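Take a look at the structure below.
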Amino acid sequence: MTKTLHVELGDNSYPLIVGTELLNGVGELLIPHTKSNKVLIVSDAFVETHYMPVVLNSLKNVGFDVSTIEVPIGEESKSFAQFSRIQNSLVKHQLDRGSMLIALGGGVIGDLAGFAAAVYMRGIPYVQIPTTLQAQVDASVGGKTAINHPKGKNLIGAFHQPKLVVIDVDTLKTLPLRDIRAGLIEVIKMGVIRDEPLFERVEENLEAILNLDNTALIEIISQACVNKAEIVAKDEKESGLRMVLNYGHTFGHALEALTHYTQYRHGEAVSIGMNCAAQLAVNLGMFSETDFQRQRALLKRAKLPITLPSDLTPEALCAAMYLDKKTLGGQLRLILPTRIGEVVIRDDVNDQHILEAIAQCF
Ligand SMILES: NC(=O)c1ccc[n+]([C@@H]2O[C@H](COP(=O)([O-])OP(=O)(O)OC[C@H]3O[C@@H](n4cnc5c(N)ncnc54)[C@H](O)[C@@H]3O)[C@@H](O)[C@H]2O)c1
Ligand SMILES: [Zn+2]
């Protein structure tokens with residue numbers, strides 16, 4: 001079973017293919033999207049061991065001249081050092097403007113390789129083959145690429161759309177369940193911000209999803225990508241609408257920063273953040289208690305955390321929220337739900353309300 005979606009961005013439009021057993025046919029999938037037979041595949045140590053052989057084989061079988069580069073596992077690889085290594089490799093293997101870079105891995109690889117492709121020769125084509133649920137439903141769609149600066153995450157980056165995204169759900173079979181749950185939050189988030197039927201589908205198929213049932217996975221991943229593609233199509237460079245994707249993230253980013261990015265997966269911090277944002281919306285009289293409990297119940301069933309750690313104070317979390325780079329002109333912009341399937345952007349919520357809502361979420 002395979003679904004093909006289209007991310008409509010004028011000249012930058014591209015197809016996104018979701019299905020099973022796609023990696024062994026990736027060579028054929030790539031042919032219509034490249035003018036040159038040279039490709040460089042970027043991956044990390046885990047992905048290299050498990051998925052590189054099949055991808056390499058498929059590309060070589062249809063005549064591609066393939067080079068590979070592996071970076072260390074983890075967020076630390078979104079660095080100047082790894083970025084430079086990739087540039088050196090691109091130069092060494094003489095990739096030209098028509099050559100293709102392939103990001104094979106999670107969101108770290110997608111962001112790093114995407115940024116490398118964005119600036120080498122002022123931009124060469126690249127393909128995303130995301131292998132984590134987080135990357136499949138979020139990072140691989142939208143063309144945001146970046147590396148980190150010691151002073152902050154994703155500070156150095158570019159918008160650069162891929163030519164093709166290939167999502168093979170078979171790769172999720174090796175992903176730890178904790179990462180499946182954490183990635184699922186971005187799907188649930190999408191349901192809350194604009195797609196009530198998707199939210200309901202996750203409610204109804206949660207066990208099948210967590211058991212990695214192919215049909216259930218393809219359904220929710222493709223629907224999450226449809227939503228993200230629609231948002232990106234309306235706001236490619238994040239000037240307005242795209243901000244709604246930040247639901248739960250202002251609280252979540254603050255929590256991640258305060259816990260030094262070690263205690264929570266990103267999705268877990270966002271889950272807690274969504275609970276805080278929903279509580280705040282209830283307190284402001286804009287979100288019903290019933291919908292609040294509905295979101296809470298799904299997060300709990302998915303075994304995602306919803307409460308803040310006891311060693312944190314509301315004041316510390318609120319202060320950290322102001323340091324998130326999504327803050328504009330010193331004013332917090334919060335994405336708050338009005339019902340499951342709709343959110344609004346609010347920049348007029350006072351700190352007292354925010355502190356009260358946070359205090360209710362321990
Ligand atoms: N560009 C965007 O729009 C966007 C959106 C959201 C997140 N991101 C970025 O994505 C990154 C997080 O992505 P991530 O969670 O995928 O992290 P990641 O790439 O570090 O992957 C997490 C871990 O999973 C391993 N892994 C990858 N595929 C696997 C598989 N199939 N089976 C088992 N293990 C596998 C990796 O080796 C790594 O250890 C962050 O850097 C974040 O900033 C970008
Ligand atoms: Zn996120």
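Numbering of ligands and ligand atoms starts at 1, following listing order. This is a predicted model, so every value here is computed, not measured.
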(message) I need the minimum non-hydrogen distance between Ile209 and Val202, along with the two atoms involved.
(response) CD1-CA, 4.1 Å
(request) Would you tell me whether Glu75 and Asn148 have side-chain atoms, one donor and one acceptor, within less than 3.5 Å of each other? (result) yes
(request) Any chance you could measure Met274, atom CE, to Ile188, atom CD1, to the nearest 0.5 Å? (result) 6.5 Å
(request) Could you list which atoms of ligand 1 come closer than 4.0 Å to a heavy atom of Val47? (result) 27 (C), 28 (N)
(request) Among all protein heavy atoms, pick out the one at the shortest distance from atom 21 (O) of ligand 1; state its residue, atom name and that distance to 0.1 Å. (result) Thr132 CG2, 3.8 Å
(request) Check each atom of ligand 1 against the heavy atoms of Gly106 and keep those under 4.0 Å away; list them by number with element. (result) 16 (O), 19 (O)
(message) So which atom in Tyr14 and which in Leu164 form the shortest heavy-atom distance, rounded to 0.1 Å?
(response) CB-N, 4.2 Å
(request) Name the closest protein heavy atom to atom 2 (C) of ligand 1, giving the residue it belongs to and the distance to 0.1 Å. (result) Ala139 CA, 3.6 Å
(message) To check your reading of the model: name the closest protein heavy atom to atom 14 (P) of ligand 1, its residue, and the distance in Å.
(response) Gly107 N, 3.5 Å
(request) Please report which non-hydrogen protein atom sits nearest to atom 43 (O) of ligand 1, along with the residue it belongs to and the distance in Å to one decimal place. (result) Lys78 NZ, 3.0 Å
(message) I need the atoms of ligand 1 closer than 4.0 Å to a non-hydrogen atom of Lys228, numbered in the order shown.
(response) 3 (O)
(request) Using heavy-atom distances, let me know which of Val137, Val141, Asp44, Val232 sits nearest atom 37 (O) of ligand 1. (result) Asp44
(request) Would you mind checking which non-hydrogen protein atom is closest to atom 39 (O) of ligand 1, with the distance to 0.1 Å? (result) Ile73 CG2, 3.1 Å
(request) Could you verify whether a donor N or O on one side chain and an acceptor N or O on the other, from Asn61 and Ser58, lie under 3.5 Å apart? (result) no
(message) Using 0.5 Å steps for rounding, measure from the CG atom of Asn154 to the NE2 atom of His149.
(response) 13.0 Å
(message) Under 3.5 Å between any N/O of Val108 and any N/O of ligand 1: does that happen in this structure?
(response) yes
(message) Check this for me: does any side-chain nitrogen of one of Arg194 and Glu342 sit under 4.0 Å from a carboxylate oxygen of the other?
(response) no
(request) Consider every N or O of Thr145 and every N or O of ligand 1, then say whether any pair is closer than 3.5 Å. (result) no
(message) Which residue and atom name correspond to the protein heavy atom nearest atom 28 (N) of ligand 1, and how close is it?
(response) Thr131 OG1, 2.7 Å
(request) For Lys144, counting its heavy atoms only, list the atoms of ligand 1 lying under 4.0 Å from any of them. (result) 1 (N), 3 (O)
(message) Suppose we measure from atom 40 (C) of ligand 1 to each protein heavy atom; which comes out shortest, and what is that distance?
(response) Glu75 OE1, 3.3 Å
(message) For the 3.5 Å polar cut-off, considering only N or O atoms, please tell me whether Asp138 and ligand 1 meet it.
(response) no
(message) Using side-chain heavy atoms (C-beta onward) and a distance below 4.5 Å, is Val91 in contact with Ser89?
(response) no
(request) Please confirm whether the backbone N or O of Glu70 pairs with a side-chain atom of Arg85, one donor and one acceptor, at under 3.5 Å? (result) yes
(request) For atom 23 (C) of ligand 1, decide whether some protein heavy-atom distance is shorter than 4.0 Å. (result) no
(request) Before accepting this row, confirm whether a basic side-chain N of the pair Glu186/Lys189 lies closer than 4.0 Å to the acidic partner's carboxylate O. (result) yes
(request) Give the ring-plane orientation class for His50 versus Phe46, where under 30° counts as parallel, over 60° as perpendicular and anything between as tilted. (result) parallel
(request) Starting from the Zn ion (ligand 2), look over the N/O/S atoms of Glu186 and name the nearest one. (result) OE2
(request) Closest by any non-hydrogen atom to atom 32 (N) of ligand 1: pick that one out of Leu133, Thr174, Asp168, Thr171. (result) Thr174
(message) Is the distance from the ring center of His160 to that of Tyr126 below 6.0 Å?
(response) yes
(message) How long is the straight-line distance from CD1 of Ile41 back to CD1 of Ile69, given to the nearest 0.5 Å?
(response) 12.0 Å
(message) Could you identify the single nearest non-hydrogen protein atom to atom 34 (N) of ligand 1 and state the distance to 0.1 Å?
(response) Phe46 CE2, 3.4 Å
(message) With respect to Asp111, determine whether any N or O atom, backbone or side chain, lies less than 3.5 Å from an N or O atom of ligand 1.
(response) yes
(request) Report yes or no: do Glu219 and Asn205 form a side-chain donor-acceptor pair below 3.5 Å? (result) no
(message) When you compare ligand 1 with Gln134, is there at least one nitrogen or oxygen pair between them that comes in under 3.5 angstrom?
(response) no
(request) Would you check whether Lys153 reaches within less than 4.0 Å of ligand 1, judged by its heavy atoms? (result) yes
(request) Under 4.0 Å from a heavy atom of Asn154: give me the atoms of ligand 1 that qualify, with their elements. (result) 43 (O)
